Amino acid sequence: MKVFIAGIDGYLGWSLSQYLVARGHTVSGVDNGNRRRWVEEVGSRSVTPIADMPERLRAFGRHYGVSPTVYDFDLMYYESVHDTLKAEQPDCVVHLAEMPAAPFSMIDAQHACLTHRNNIEGTLNILWAVKEACPEAHLLKLGTMGEYGTPNVDIPEGHFDLEFRGRKDRVMFPRRAGSFYHLTKVHDSHNIEFVCRTWGLRSTDIMQGVVFGTRIPEMGDDPKLLTRYDIDECFGTFINRACASAIIGHPITVYGTGHQQRGFLPLKDSMQCLTLALENPPEAGEYRVFNQFEKTYNLMGLAGLVQRAAAKLGRAVTISNYENPRTEADEHYYNPDRVKLLDMGYQPTTDIEGEVTAMLSDLMWYENTIWEMHDLLIPKIHWNGEKRPCGMIGEVRS
């Protein structure tokens, strides 16, 4: 299968390119380095050293015997998107090229607008280019479980049946985004559903949980094949930040009570799920939604899991409750469904502590780098517009 990955230099994109090539697929992609620039803008960098793209591709070629063709342009330029997809004629377009950080979108008006322009307009350009250049291609689009928010009802996969005054219809499950970033994902979902219904395109919208991990097995021992690993409050996900804290003995920062429930999955599970989705495309005109996560977890419980795994490696770390910079419920009902990928063959990684232990072992090699960025572990971007470090609100838990 020919797969085109938008955002191939990113955390998921670089990993997915290797996962797919290792399984015999042909991969190409595009990346203009925005993720690197955005991370640098917030004063951070990847904990794992990331070479420039030419060097990464040389390492890729040495390891796999072939390397992807990677284009360098902005998805905001429609002609570039169209002409590239017309030349490549992929069977599947995987769209991972959006600005992926809720806090980044909440910094100020400029960052909110940048997020909307980059994400919504970039997706619209891909939709039009697929229609005009490769209309039979399957669009695999990365959404987020954050589109749903935390409603006080069960969350199905994408649609539910509605009945009112004797009339029935199937409608998209309502969204309740928690940031300007999450709102762009909601807009994307509506735009994609519309073009499938109107143009007959085929698409899978992946509502993905929080991903964590330093590597997938396919990467082997070459450090140039590692994917990026961010720990700042914008681009570093919860477990990734917690593991970095554990390496240097910095308190694991839990926002609010830590009773928030979220769906999580290891990086290698994300690769498995994305590949199952692209290898089993929908029919023309079909818009389908997969909720993609291994299991739902309580944030404080995950912090404790990281703490225990670190202790077994001789690293003592405490857990601290900090004021929550976000506007979200600390206590809430959360019961999302996730049967479609399981029915398709997804086999979840159940040894999450083992995954965390492997991450900690990898991160020990980068302890000095984490120390240099330790001030990034305290959140400073508040949803109400304040610009100050969050204060500790609870006793440190040992």
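Only a predicted model underlies this, so the values are computations on that prediction, with no experimental measurement involved. In this chain, numbering begins with 1 at the start of the sequence shown.
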Please list all pairs passing the salt bridge (charged side-chain N to carboxylate O under 4.0 Å, His left out) test where one or both residues lie in residues 331-360, with sequence neighbours left out.
Lys268-Glu355, Lys312-Glu353
Give, for atom OG1 of Thr26 and atom CG of Leu20, the distance between the pair rounded to the nearest 0.5 Å.
10.0 Å
Around His332, counting heavy atoms of other residues, nucleotides and ligands shown, do more than 12 lie under 6.0 Å from its NE2?
yes
May I ask you to decide if Leu226's main-chain N or O and Arg56's side chain share a donor-acceptor pair within less than 3.5 Å?
yes
Using a cut-off of 6.0 Å, state whether more than 12 heavy atoms not belonging to Glu367 lie near its atom CD.
yes
Could you tell me if the side chain of Ile8 sits less than 4.5 Å from the side chain of Val27, heavy atoms only?
yes
Candidate pair His95 and Thr123, rule side chain to side chain contact (heavy atoms under 4.5 Å, CB included), full reasoning:
CA-CA 8 Å; His95 185 12; Thr123 297; 3.1 Å; yes
Report yes or no: do Val153 and Tyr333 belong to one cluster of Ile/Leu/Val/Met/Phe/Trp/Tyr joined by side chain heavy-atom distances under 4.5 Å?
no
Is any side-chain N of the basic residue among Glu233 and Arg326 closer than 4.0 Å to the acidic one's carboxylate O?
no
When you measure from the side chain of Arg37 to the backbone N and O of Asn32, does any donor-acceptor pair fall under 3.5 Å?
yes
Polar side-chain atom of Ser105 near backbone of Ala102 as donor-acceptor pair, under 3.5 Å:
yes
Please indicate whether Arg197 has more than 12 foreign heavy atoms, meaning atoms of other residues, nucleotides or ligands, lying under 6.0 Å from its CZ.
yes
Sequence neighbours excluded, every pair satisfying ring-ring contact (aromatic ring centres under 6.0 Å, His included) that has a member inside residues 231-253:
Phe104-Phe235
Residue pair Tyr346 / Asp269, side-chain donor-acceptor N/O under 3.5 Å
yes
Do His159 and Val171 have side-chain heavy atoms sitting under 4.5 Å apart?
no
Rounding to 0.5 Å, atoms NZ (Lys295) and OG1 (Thr350) come to a distance of 9.0 Å
Got a sec: does the CH2 of Trp199 have more than 12 other heavy atoms crowding it under 6.0 Å?
yes
With a 4.0 Å cut-off on N to O distance, would you call Glu193 and Arg288 a salt bridge?
no
First locate atom CG of Asn324, then atom OH of Tyr255, and finally report the distance between them rounded to the nearest 0.5 Å.
8.0 Å
Using the rule that two of Ile, Leu, Val, Met, Phe, Trp, Tyr join whenever any of their side-chain heavy atoms come within less than 4.5 Å, decide whether Phe293 and Leu341 are in one cluster.
no
Taking Asp161 first and then Lys168, would you say they form a salt bridge - that is, a charged N and a carboxylate O separated by under 4.0 Å?
no
With a 3.5 Å cut-off and no angle check, do the side chains of Glu88 and Ser28 form a donor-acceptor pair?
yes
State, with a plain yes or no, whether a side-chain heavy atom of Arg175 is found less than 4.5 Å away from one of Lys185.
no
Is the shortest distance from a Lys or Arg side-chain nitrogen in Arg23 or Glu218 to a carboxylate oxygen in the other one below 4.0 Å?
yes
CD of Gln347: more than 12 outside heavy atoms within 6.0 angstrom?
no
Sidechain-backbone polar pair: Asn298 side chain, Gln261 backbone, donor-acceptor under 3.5 Å
no
Counting N and O atoms only, with roles assigned by atom type, does the side chain of Thr184 sit under 3.5 Å from a partner on the main chain of Tyr181, one being a donor and the other an acceptor?
yes
Which pair of non-hydrogen atoms, one from Ala177 and one from Val186, has the smallest distance, and what is that distance?
CB-CG2, 4.0 Å
Path from Tyr297 to Tyr334 over hydrophobic side-chain contacts below 4.5 Å
no
Could you grab the distance from atom CG of Asn280 to atom CE of Met344, nearest 0.5 Å is fine?
4.5 Å
Is the side chain of Asn240 donor-acceptor paired with the backbone N or O of Gly213 at a distance under 3.5 Å, no angle test?
yes
Are the side chains of Ile155 and Asn335 in contact, using a 4.5 Å heavy-atom criterion?
no
Does any donor atom in the side chain of Glu328 or Gln260 lie under 3.5 Å from an acceptor atom in the other side chain?
yes
Heavy-atom donor-acceptor pair, Asp91 side chain to Lys2 backbone, under 3.5 Å:
yes
What pairs of residues pass the ring-ring contact (aromatic ring centres under 6.0 Å, His included) test when at least one of them lies in residues 63-82, not counting sequence neighbours?
Phe60-Tyr64, Tyr78-His82
Hydrophobic clustering (ILVMFWY, side-chain heavy atoms < 4.5 Å, transitive) - are Leu140 and Met207 grouped together?
no
With a 4.5 Å heavy-atom cut-off, do Lys387 and Ile107 have their side chains touching?
yes
Heavy-atom closest pair, residues Ala59 and Asp222:
CB-OD2, 3.7 Å
Would the distance check show the side chain of Thr327 and the main-chain N or O of Trp383 forming a donor-acceptor pair, the cut-off being under 3.5 Å?
no
Lys86 side chain reached by Cys134 side chain, heavy atoms, under 4.5 Å:
no
Is there a side-chain contact between Cys243 and Tyr229 (heavy atoms, below 4.5 Å)?
yes
For the residue pair Pro266 and Ile352, establish whether any side-chain heavy-atom pair is separated by less than 4.5 Å.
yes
Note: Glu55-Lys224 ion pair, threshold 4.0 Å (strictly below)
yes
Step-by-step side chain to side chain donor-acceptor pair (under 3.5 Å) determination, His138 to Ser203:
CA-CA 6 Å; His138 168 206; Ser203 181; 5.8 Å; no
Check for a donor-acceptor pair, side chain of Trp371 on one end and backbone N or O of Ile248 on the other, with a separation under 3.5 Å.
no
For atom CZ of Phe160, decide whether the heavy atoms of other residues, nucleotides or ligands shown that lie under 6.0 angstrom number more than 12.
yes
Mind checking the CD1-CG spacing from Ile319 to Leu299? Nearest 0.5 Å is all I need.
11.0 Å
Proximity of Tyr148 and Phe173 rings by center, below 6.0 Å
yes
Does the Gln89 side chain pair with the main chain of Ala137, one donor and one acceptor, at a distance under 3.5 Å?
no
Cluster overlap Phe264 with Leu12, hydrophobic side-chain contacts below 4.5 Å
yes
Can Glu294 and Thr349 be counted as having a side-chain donor-acceptor contact under 3.5 angstrom?
no
Can His25 and Glu279 be counted as having a side-chain donor-acceptor contact under 3.5 angstrom?
yes
Is the number of heavy atoms from other residues, nucleotides or ligands under 6.0 Å of Tyr322 OH greater than 12?
yes
Test side chain to side chain contact (heavy atoms under 4.5 Å, CB included) on Trp38 and Asn118 and set out the steps.
CA-CA 12 Å; Trp38 292 329; Asn118 182 87; 3.8 Å; yes
Run through Arg241, Arg45, Arg35 and flag the one making a salt bridge (Lys or Arg N to Asp or Glu O under 4.0 Å) with Asp230.
Arg35
What distance separates Leu183 CG from Glu147 CD, expressed to the nearest 0.5 Å?
9.5 Å
All heavy atoms of Leu360 vs all of Ala246, minimum pair found to be CD2-CB, 4.0 Å
Which atom pair, heavy atoms only, marks the closest approach of Ala309 to Val356?
CB-CG1, 3.9 Å
